2 protein chains.
Amino acid sequence: MPKPGPGLRLIDVAQRAGVSLATASRALSGRDGVSEEVADRVRQVSLEMGYVANPYARTLAGGASSTVGLVVHQVDDPYFSEIAGGVIQLAGEQSLLVQICHSGRDPSQELRQIRSLIAQRVGIIIVAGSGYSDPQVEASSREVLSLYERNGGRLAVIGRHSLSADAVLPDNEAGGFALGEHLIGLGHRNIAIVAGTAALTTVTDRMAGVAAAMRAHGLDPAAMPVLHTDFIREGGRVATEQILRDHPSTTAIIALNDAMAMGVLSALREHDIAVPARMSVVGFDDVSVAADLAPSLTTIRLPMTDMGRMALDLALKPRAARPRRRRTGHQLIVRDSTGPAA
Amino acid sequence: MPKPGPGLRLIDVAQRAGVSLATASRALSGRDGVSEEVADRVRQVSLEMGYVANPYARTLAGGASSTVGLVVHQVDDPYFSEIAGGVIQLAGEQSLLVQICHSGRDPSQELRQIRSLIAQRVGIIIVAGSGYSDPQVEASSREVLSLYERNGGRLAVIGRHSLSADAVLPDNEAGGFALGEHLIGLGHRNIAIVAGTAALTTVTDRMAGVAAAMRAHGLDPAAMPVLHTDFIREGGRVATEQILRDHPSTTAIIALNDAMAMGVLSALREHDIAVPARMSVVGFDDVSVAADLAPSLTTIRLPMTDMGRMALDLALKPRAARPRRRRTGHQLIVRDSTGPAA
DNA sequence: ATGAAAGCGCTAACAT
DNA sequence: ATGTTAGCGCTTTCAT
């Protein structure tokens with residue numbers, strides 16, 4: 001097992017610069033109590049010698065841990081990989097390291113990962129991904145995280161309102177509303193929703209937005225077919241088969257994320273159903289491939305990369321008296337998968 | 001800045017179990033010098049109390065760091081996010097944490113990240129992504145990494161042969177050959193290559209495979225147009241414009257990765273050029289959306305997720321006398337973007 | 001087989 | 001403004 005490298009120590013730098021250990025420490029961590037002059041010299045020497053602090057010693061001695069823990073459902077899901085990209089980008093700029101782990105959309109696995117991150121004494125934790133509608137389900141995670149915060153850890157979440165932590169909140173409801181309006185405006189009246197499992201708040205929020213749009217136009221949301229399948233591509237395929245069989249008069253399908261929309265398009269293609277001529281399809285997220293599908297996908301753009309950056313940015317600031325909430329904004333991107341109702 | 005958690009310490013466990021600190025340490029790290037009986041009791045107590053070792057203290061005292069550093073070009077590139085997914089997956093199973101960072105296809109940035117990983121004393125480093133054709137360019141990285149290995153660090157690379165470390169090697173040349181054969185078999189004689197920058201070994205290797213296939217069929221590779229643009233989607237668009245303008249007789253385009261192929265398809269669509277009727281297109285990698293493009297993309301499948309797992313697996317084994325090399329294998333996936341030459 | 005004690009490299013009081 | 005020193009929690013000699 002790995003022994004650390006050669007080990008140039010702070011004391012070596014201090015000696016070379018002709019100052020004490022403490023002074024060197026202060027100079028390098030930019031704390032005050034050192035004259036500019038001396039501080040500059042120390043920094044100079046440290047640079048020349050190529051000194052890099054040992055983070056283990058530093059953290060053990062009570063300094064701040066400079067690593068941020070990121071929990072995502074799955075990195076190889078474009079939604080999360082773009083968020084992760086944003087976090088890593090900003091972390092890089094701040095010379096922070098990012099520890100990343102999967103929760104696999106499984107609350108107990110998520111809890112394990114969070115525990116492990118805390119055990120590693122990371123100073124910042126970012127939890128990305130939908131929360132769970134049933135408060136019971138994430139109760140343990142919430143408890144562990146709030147203890148973590150009380151102990152001085154910084155926490156930011158992306159896409160969950162239930163946690164009383166700094167949060168980046170995607171415009172799920174407003175986006176759903178925009179999608180509904182878009183289709184209604186095109187004359188669609190028989191709209192079906194391809195939703196992920198109702199256990200996810202992301203799903204319920206987006207649905208609520210769509211329902212609101214329908215009500216706003218005098219339509220009855222309750223009459224609208226809602227298919228709850230897995231919140232992934234395959235779920236979109238399955239749901240589409242059901243729609244085709246059970247709701248043949250449908251002229252537009254709202255998939256609650258782009259992954260599902262891709263499944264929908266693929267099933268429609270197999271059935272030779274023209275999009276948008278016979279069926280309009282919309283997604284949600286605007287992952288980068290959405291523009292390259294055929295037909296290119298009408299969807300709601302969420303600034304995923306920025307969301308990652310925003311979350312880390314929040315966590316980098318000292319804790320506020322009340323949790324901060326940052327809305328992401330959204331944008332309806334109209335492409336070729338939607339058209340007027342037949 | 002974050003103070004560590006409550007801090008249940010090893011000494012607490014030791015006292016509760018009625019043994020010395022040293023014995024407790026030995027028991028928990030599974031070293032010998034403790035009777036089975038005592039060891040069991042300590043482990044029991046530790047479990048009950050929910051003790052988790054402080055990794056900073058442990059590492060500082062000379063133990064092994066249990067985190068693996070992963071360097072990718074860019075996580076929000078599907079090729080890398082799938083690899084990262086594999087690494088994180090296996091790491092999770094082994095209770096290891098993964099620190100991930102971006103090199104942004106920039107050798108100097110890559111060096112910085114590797115240095116930072118080493119400074120963090122990670123026990124394992126995995127470098128994913130193409131190497132550089134000019135040995136000079138990655139000389140510093142190589143040097144730093146080999147020092148790291150000599151100091152006991154474990155290293156595995158994905159997709160670079162130049163480093164004398166354990167390596168997972170994608171079937172770049174064989175894949176290129178398969179692509180060439182496929183198109184030649186369909187009767188194409190005017191084939192153009194949309195390549196990334198020649199500075200990347202991935203690009204040169206894949207090209208070599210294509211060239212070999214042409215020679216094998218009595219065609220002259222030198223006559224084949226090769227467009228060197230950025231190894232990303234946009235590069236594919238740019239190159240396609242050039243082909244359309246300068247090589248109008250082209251009937252098939254080989255893009256050296258799927259991202260570029262997507263750019264090619266998109267440019268072709270804008271020009272209303274039917275695929276595959278007037279132009280066949282192939283990619284390389286088989287990222288998960290390749291099947292969802294329209295037309296769905298003929299490409300070479302590389303097992304990205306497994307590649308991530310394999311790399312970590314190699315690194316987890318003790319160092320061998322000579323570097324191990326693991327080929328990935330590949331598979332030609334024929335879909336709808338290729339057809340007979342007009 | 002077990003315990004006592006000496007660090008690992010750093011930060012943070014506490015002096016001066 | 002600078003230096004001295006006591007830990008941080010653990011692993012690892014060295015005793016026993």
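Quick note on labels: first sequence line is chain A, next is B, and so on, each numbered from 1. Just so we're clear, the structure is a prediction, and the values are computed from it rather than from any experiment.
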How many whole angstroms separate atom CG of B:Asp12 from atom P of D:dC8?
12 Å
To the nearest Å, give me how far apart OH (B:Tyr56) and P (C:dT11) are.
13 Å
So the ring pair (Phe, Tyr, Trp, His ring centres under 6.0 Å) pairs with at least one residue in residues 108-131 of chain B (sequence neighbours excluded) are none
The side-chain hydrogen bond (donor to acceptor under 3.5 Å, both in side chains) partners of B:Arg324 (sequence neighbours excluded) come to B:Asp166
Nearest-angstrom distance from the residue atom CD of B:Gln120 to C1' of C:dG9:
14 Å
For B:Arg41 and C:dT2, give me the distance from atom CZ to atom C1', rounded to whole Å.
12 Å
With a 3.5 Å cut-off and sequence neighbours excluded, list the donor-acceptor pairs that the side chains of residues 315-323 of chain A form with protein atoms.
unit_1, atom_1, unit_2, atom_2, d
A:Lys317, NZ, A:Asp313, OD2, 3.2

Could you identify which residues of residues 15-22 of chain B place a heavy atom less than 4.0 Å from some atom of DNA chain D, listed by residue number, or say none?
B:Leu21, B:Ala22
List the residues meeting side-chain contact (heavy atoms from CB on, under 4.5 Å) with A:Val137, not counting sequence neighbours, and say none if there are none.
A:Pro107, A:Tyr132, A:Asp134
With sequence neighbours left out, what residues match B:Ser146 under side-chain contact (heavy atoms from CB on, under 4.5 Å)?
B:Arg150
If the threshold is 4.0 Å, N to carboxylate O, is there a salt bridge linking B:Asp77 and B:Arg105?
yes
B:Asn54 CG to D:dC10 P: how many Å, rounded?
6 Å
CZ of B:Arg9 versus C1' of D:dC10: gap in Å, rounded?
11 Å
So, using side-chain contact (heavy atoms from CB on, under 4.5 Å) as the criterion, who are the partners of B:Ala199 when residues are at least two apart?
B:Thr197
Separation of C:dG7 C1' from A:Ile11 CD1 (nearest whole Å):
14 Å
Under the side-chain hydrogen bond (donor to acceptor under 3.5 Å, both in side chains) test, residues paired with A:Glu143 that sit two or more places apart
none
Check the distance between C:dC8's C1' and A:Leu60's CG and give it to me in whole angstrom.
9 Å
Near-strand residues of residues 23-38 of chain A, defined as heavy-atom separation under 4.0 angstrom from DNA chain D:
A:Thr23, A:Arg26, A:Gly33, A:Val34, A:Ser35, A:Val38
When the rotation axes relating C1' atoms of four end pairs to the next four are compared across the helix from C:dA1-D:dT16 to C:dT16-D:dA1, five pairs an end, they differ to 10° by 40°
Can I get a per-line list of side-chain donor-acceptor pairs under 3.5 Å for residues 33-42 of chain A, giving both atom names and the distance, sequence neighbours left out?
unit_1, atom_1, unit_2, atom_2, d
A:Ser35, OG, A:Val38, N, 3.3
A:Asp40, OD1, A:Arg43, NH2, 3.2
A:Arg41, NH1, A:Ala17, O, 2.5

In terms of heavy-atom contacts, does CZ of B:Arg16 have more than 12 from other residues, nucleotides or ligands at under 6.0 Å?
no
Which residues pass the side-chain contact (heavy atoms from CB on, under 4.5 Å) test with B:Thr201, sequence neighbours left out?
B:Ser130, B:Ser133, B:His161, B:Thr204, B:Asp205
